[in-house]
There are 2 protein chains.
Amino acid sequence: MPQPSAPRKTLGRPPRISREEIIATARRIVDEGGVGRLTMRRLAAEVGSTPMALYHHVRDKEELLVLLLDDYAARTLRRPRLPDHPRERIVVAATAIHEALAACPWIVEVLTADDLLSTSALWFVEQIVDGLVGCGLPLDRAVHGYRAIWYYTAGEIVVRTTAARRRADDDRATYREQVFADLDPSELPRLTQAADRWAPLTAEDTYRDGLQALVDGLLARR
Amino acid sequence: MPQPSAPRKTLGRPPRISREEIIATARRIVDEGGVGRLTMRRLAAEVGSTPMALYHHVRDKEELLVLLLDDYAARTLRRPRLPDHPRERIVVAATAIHEALAACPWIVEVLTADDLLSTSALWFVEQIVDGLVGCGLPLDRAVHGYRAIWYYTAGEIVVRTTAARRRADDDRATYREQVFADLDPSELPRLTQAADRWAPLTAEDTYRDGLQALVDGLLARR
DNA sequence: ACCTGAACACCGTTCAAGT
DNA sequence: ACCTGAACACCGTTCAAGT
C-alpha cells in the first residue's frame with residue numbers, strides 16, 4: 001500500500017494535491033476533532049479540492065485510515081533503550097507500544113489490524129518475540145506469546161477508551177452505579193462486597209501489572 | 001435502561017409497536033446482514049412504521065445497540081457447570097464469556113462497555129472474582145485480575161473478528177505477506193525466522209493457552 | 001400517548017466529462 | 001494524468017403537526 005510515488009515518466013496534467021498533503025491534512029482534522037470529524041468531503045474542502053480528487057490518491061476511506069495509522073506510528077514510535085534481561089525487554093517493548101496507542105484515542109476505530117499495526121511497529125514485535133525466545137520459549141510459542149500480549153494490550157486500549165467516551169455521557173455511569181447498588185448479595189457475594197470499591201478500582205491503571213502477570217505466566221508454562 | 005414498560009395508567013393512543021418488537025426485529029436484521037445493515041430507517045420499515053416512531057421507544061441508535069447486546073446476552077449466556085477448583089472455575093467462566101462473544105461477530109462494534117457487558121454477564125464476573133479470591137488473592141487484586149482477563153478476552157475478540165473481516169478482502173493479506181517477505185534479516189532476525197510460519201501460527205486458536213498463562217501469572221505474583 | 005411527514009444536515013462513492 | 005460537477009443512494013435526528 002505505501003506505494004512511493006515513482007518518478008513521473010509520462011506527463012499529463014500536473015498534480016495539484018499529493019498523498020502527503022492529504023494525509024497531513026487528515027491528521028490535523030483528526031487531532032483537532034477526532035476520527036468522527038474525518039469525512040472525505042470535509043477533507044477535500046480542507047485541502048481545497050473536491051471529494052473526487054481524493055479518490056485519485058487514495059483507494060477509499062478505509063485505506064486513508066490505514067495510511068493515517070502508519071503515518072502516526074512512523075512519527076511517534078520512538079525506540080526506547082532496552083534492558084539486557086529478556087523478560088524486562090518484553091515488558092518495556094510492550095509498554096512502549098501501549099503508551100503510543102494510549103496517547104492516541106482515535107486509534108481504536110482503526111485498530112482493525114490483525115497483528116501488526118504498522119511496519120514501524122515491527123521492531124517492537126521483534127523485541128518481544130526475541131525476548132520470549134531469550135527466556136527459553138521455542139519460536140512457535142514465542143509467536144503465540146506475542147499474540148497474547150497483543151490481545152491484552154489492544155483490549156486494554158479498546159476497553160479503556162470506550163469507557164472514557166462513556167464517562168462523558170454520565171447516564172451510563174449512573175446506570176452502572178444502579179446495577180452495583182441492586183446486586184443480590186446471596187447470588188453475587190463477591191461483587192456485592194466489592195461494589196463500593198468497584199469504581200476506584202476500575203479507574204486505576206493496571207496495564208503494567210497485568211502485563212507482568214501475563215509474561216510470567218507465558219514463561220512459566222510447561 | 002431496561003425500564004420495563006409499567007402498566008399503562010393514563011390512556012392515550014394505544015401503541016402500535018413495542019420495544020420488544022423493535023429489539024426482536026433489530027436482532028433479525030443484524031443476524032441476517034450484520035450490524036452494518038441495521039439503520040433506523042430500515043428497522044422502521046421492517047416493523048412497518050416510520051423512523052420517528054422508533055424514537056418514542058428508544059432514545060437513540062446507541063441505546064438500541066446496548067439493548068440489543070443485553071438481549072443477546074440474556075438469550076445466549078447459559079451458565080455452565082463449574083468445576084470445584086477455583087483456578088479451573090476462572091478458566092471455565094472466562095471461556096464461556098469468550099465463546100458467547102466469539103459466536104456473535106457484530107458484538108465488537110458494541111463492545112464499548114467498559115467492564116460489564118450486560119447484567120446477564122454478572123454471574124460470570126462473580127465466578128471469576130470469586131475464583132481468584134479462592135486462590136488466595138485479596139479482593140482488590142481479584143478485581144484487577146478480572147479486569148486483566150476481560151482486557152485479554154475483549155482484545156482477542158476484537159483482533160480476531162477484524163482480522164477475519166480483512167481476510168475477506170484479500171489485498172491486505174497479500175500486503176502482509178509482502179511485508180514478511182521483505183524483512184531485513186539483520187534488523188529483524190526473529191520475525192524473518194518466523195516469517196513463513198507466521199500465517200498458520202496466527203490462524204491457530206490460542207485463546208485458552210493465553211488465558212491459562214494469564215491466570216497462572218495473576219496467581220503467582222507476590 | 002403515540003405516530004406521521006417533511007425537512008435538515010449530512011455521508012461515501014460512481015460516472016461522465018473536462019483540461 | 002489529474003481534476004470537476006452532478007448525481008445516486010443512502011444516513012441519524014429534529015420539529016411541528018396530527019389522531
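Per chain, numbering begins at 1; letters A, B, ... match sequence-line order. What you see is a predicted model; the values in this text were computed from it and never measured.
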Inset, instruction - Would you mind classifying the nucleic acid contact of Arg16(A) as base, sugar-phosphate or nothing, using non-hydrogen atoms under 4.0 angstrom? - result: sugar-phosphate
Inset, instruction - Could you tell me whether the phosphate oxygens of dC3(C), OP1 or OP2, come under 4.0 Å of any side-chain nitrogen or oxygen in Thr50(B)? - result: no
Inset, instruction - Measure from the side chain of Ala53(A), starting at C-beta and using heavy atoms only, and say which of dC3(C), dC3(D), dT13(C) lies closest. - result: dC3(D)
Legend entry - Nearest-angstrom distance from the residue atom CE of Met52(A) to P of dC3(D): 11 Å
Legend entry - For atom CD1 of Ile22(B) and atom P of dC2(C), their distance in whole Å: 11 Å
Legend entry - Under-4.0 Å side-chain N/O to phosphate OP1/OP2 contact, Thr39(B) with dC11(D): yes
Legend entry - Arg41(A) CZ to dA9(C) P, straight-line distance once rounded to whole Å: 15 Å
Inset, instruction - Assess whether side chain to side chain contact (heavy atoms under 4.5 Å, CB included) is satisfied between Ile90(A) and Gln127(A), documenting all intermediate values. - result: CA-CA 7 Å; Ile90(A) 299 164; Gln127(A) 301 314 314; over 6 Å; no
Legend entry - Value in whole Å for how far the P atom of dT13(D) lies from CE of Met40(B): 6 Å
Legend entry - Heavy atoms of other groups near Arg197(B) CZ, more than 12 under 6.0 Å: yes
Inset, instruction - For residues Arg147(A) and Thr202(B), report the shortest heavy-atom separation together with the two atoms involved. - result: NH1-CG2, 3.1 Å
Legend entry - OP1 or OP2 of dT13(C) under 4.0 Å from side-chain N/O of Arg59(A): no
Inset, instruction - Send over the distance from Arg19(A) CZ to dC2(D) P, rounded to a whole Å. - result: 12 Å
Inset, instruction - Kindly express the pairing pattern of DNA chain D in dot-bracket notation, using | wherever a base pairs with another strand and counting only Watson-Crick or G-U pairs under 3.5 Å. - result: ||.|||||...|||||.||
Legend entry - Distance in angstrom units between Leu43(A) CG and dC10(C) C1', rounded: 16 Å
Legend entry - Whole-Å P distance, dA9(D) and dA9(C): 24 Å
Legend entry - Nearest heavy-atom neighbours spanning Ala94(B) and Ile149(B): CB-CG2, 3.9 Å
Inset, instruction - Indicate the ring-plane relationship of Tyr152(A) and Tyr207(A), choosing parallel, tilted or perpendicular according to the 30° and 60° boundaries. - result: parallel
Legend entry - Arg37(A) vs Glu32(A), side chain to side chain contact (heavy atoms under 4.5 Å, CB included): CA-CA, chis, key distance, verdict: CA-CA 9 Å; Arg37(A) 275 255 119 56; Glu32(A) 285 170 5; over 6 Å; no
Inset, instruction - Please report the closest heavy-atom contact between Arg78(A) and Arg75(A), naming both atoms and the distance. - result: NH2-O, 2.9 Å
Legend entry - Any His57(B) side-chain N or O less than 4.0 Å from OP1/OP2 of dC3(C): yes
Legend entry - Closest nucleotide among dC11(C), dG12(C), dC2(C) to the His56(B) side chain: dC2(C)
Inset, instruction - To the nearest Å, give me how far apart NZ (Lys61(B)) and P (dC11(C)) are. - result: 16 Å
Legend entry - Nearest-Å distance for atom pair CG/P, residues Leu54(A) and dT14(C): 13 Å
